[in-house]
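Chain A is the first sequence line, chain B the second, and so forth, proteins listed ahead of strands; every chain is numbered from 1. As a basis for the values below, the full set of heavy atoms in this structure was taken, side chains included, without hydrogen atoms, waters or symmetry mates.
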Amino acid sequence: MGTDIGDLLQKHTIEIAELSNKVVAIDAYNTLYQFLSIIRQRDGTPLKDSSGQVTSHLSGILYRFTNLIESGVKPVFVFDGKPPEFKSGTLEKRHEIREAASAKWEDAKAQGFEEEAYKYAQASSKVTKEIIEDSIKLLELMGIPYVKAPSEGEAQASYMVRKGDADLIGSQDYDSLLFGAPSVVRNLTITGKRKLPRKNLYVDVKPEMISLEESLEELGVTRSQLIDIAMCIGTDYNPGLENIGPKRALKFVKEHGSIEGVLFEIGKEIEDLDSKKDFFMNPPVTDDYELKWEKPDRAGIIDFLCKQHDFSEDRVNKVLDRLEANMGGGQSTLDQWF
DNA sequence: CTGAGAAA
DNA sequence: TTTCTCAGG
């Protein structure tokens with residue numbers, strides 16, 4: 001998933017308070033995948049309602065985004081549209097890895113290998129059409145805006161930030177930087193601690209910001225060259241060159257000026273190189289969206305989460321008290337932005 | 001992951 | 001109060 005340029009980038013930990021009143025374009029696919037893979041029981045089973053429907057993503061959205069909104073963050077979810085043709089290889093590979101993980105999960109579970117079982121359970125996570133539909137339904141009920149991208153969500157989100165409609169992108173991946181996002185924030189949560197799997201270790205996890213301009217300056221390359229570096233290592237659109245990691249990719253691209261220079265030097269080719277590079281520079285995007293943070297529909301949320309998906313009404317009401325106090329109407333902290 | 005409640 | 005464990009759906 002994504003590229004491995006993270007090692008080359010300048011990262012700054014920030015306080016969540018610094019994001020107050022900032023519009024954060026959320027990479028929906030990335031976030032939902034994270035929820036599905038992490039919000040699980042100890043045996044690896046995701047949260048499910050009584051009819052067997054997975055609900056991990058609903059729990060994640062409800063709690064995390066209520067917290068972020070309470071901290072003054074203004075989230076807008078950006079969903080993927082139709083992937084580019086040349087992503088099919090990656091998508092197929094992900095499908096195969098998921099299938100294999102699913103089988104290994106069953107095996108490990110049957111043999112009582114708990115740690116392995118959990119690992120493979122996570123790797124078998126899939127962001128299905130139903131998961132996306134459920135998530136959109138909950139976002140609408142919570143009053144959180146969302147955008148459907150014509151193609152890649154990260155491209156659309158980057159466009160929205162460049163246009164000034166959003167301030168930064170929330171994602172664990174670095175791909176948005178290739179699409180020209182001025183800044184990306186990772187680890188977008190308010191709870192500062194994360195437990196390392198199967199260990200008694202707790203690590204402080206703070207939001208981490210990456211500025212495109214600063215990183216480019218530090219590396220001494222242009223955005224076009226950063227795309228070239230990423231393509232040397234491998235992106236969602238190409239497998240990457242053999243025996244070339246971030247360090248050597250940077251060195252080679254700087255030495256030869258571009259990926260074309262590197263390829264000539266080592267006598268290799270990348271299929272559809274020009275159109276892939278152009279896709280990063282000029283991806284399909286849309287202006288067809290409206291960003292409004294509205295009062296949550298309490299009755300609708302109770303019906304959807306509690307009546308349909310077996311959430312505890314007590315818990316949901318408590319979260320909604322906090323959400324209502326910070327969304328739409330009245331003394332909302334969000335209104336002052338307009 | 002997150003909130004709630006137990007343990008320290 | 002703070003830290004840790006566990007269930008949530």
Rounded to the nearest angstrom, tell me the gap between atom CD in A:Gln53 and atom C1' in C:dG9.
12 Å
OP1 or OP2 of B:dA4 versus the side-chain N and O atoms of A:Lys318: is any pair under 4.0 Å?
yes
Candidates B:dC1, C:dG9, B:dG3 - which lies nearest the side chain of A:Phe311
C:dG9
Whole angstrom is fine here: how far is it from CZ in A:Arg322 over to P in B:dG3?
5 Å
A:Arg315 side-chain N/O to B:dG3 phosphate OP1/OP2 under 4.0 Å
no
Taking only the side-chain heavy atoms of A:Ile39 (C-beta and beyond), determine which of B:dT2, C:dG9, C:dG8 contains the nearest atom.
C:dG8
Using a heavy-atom cut-off of 4.0 Å across all strands, would you classify A:Ser56 as base, sugar-phosphate, or nothing?
nothing
Figure out the CG/P separation between A:Leu58 and B:dG3, and round it to whole Å.
16 Å
With respect to the phosphate group of B:dG3, does any side-chain polar atom (N or O) of A:Asn67 fall under 4.0 Å of OP1 or OP2?
yes
Using whole Å, what does the distance between atom P of nucleotide B:dT2 and atom CG of A:Leu320 come to?
17 Å
Quick check on A:Lys163: does its NZ atom have over 12 non-hydrogen neighbours (other residues, nucleotides or ligands) under 6.0 Å away?
yes
Do A:Gln156 side-chain atoms and A:Ser151 backbone N/O form a donor-acceptor pair below 3.5 Å?
no
Which residue, A:Asp287, A:Thr286, A:Asp165, forms the side chain to side chain donor-acceptor pair (under 3.5 Å) with A:Tyr159?
A:Asp287
Side chain to side chain donor-acceptor pair (under 3.5 Å), paired with A:Tyr237, selected from A:Glu152, A:Lys276, A:Lys87, A:Glu85
A:Glu152
Inspect the contact between A:Asp310 and A:Lys48 and indicate whether a charged nitrogen and a carboxylate oxygen are less than 4.0 angstrom apart.
no
Which is true for A:Tyr63 with a 4.0 Å heavy-atom rule: it touches a base, it touches only sugar-phosphate, or it touches nothing?
sugar-phosphate
Please confirm whether the shortest side-chain N or O distance from A:Arg42 to OP1 or OP2 of C:dA7 is below 4.0 Å.
yes
Whole-Å gap separating P (B:dA4) and CG (A:Asp321):
11 Å
For the pair made of NE2 in A:His57 and C1' in B:dT2, what is the distance, rounded to whole Å?
16 Å
Measure the distance from CG on A:Leu188 to P on B:dC1 and round it to the nearest whole Å.
12 Å
To the nearest angstrom, the CG-P distance between A:Asp43 and C:dG9 comes to 16 Å
Measure distances between side-chain N and O atoms of A:Gln41 and base N and O atoms of C:dG9, and say whether any donor-acceptor pair falls under 3.5 Å.
yes
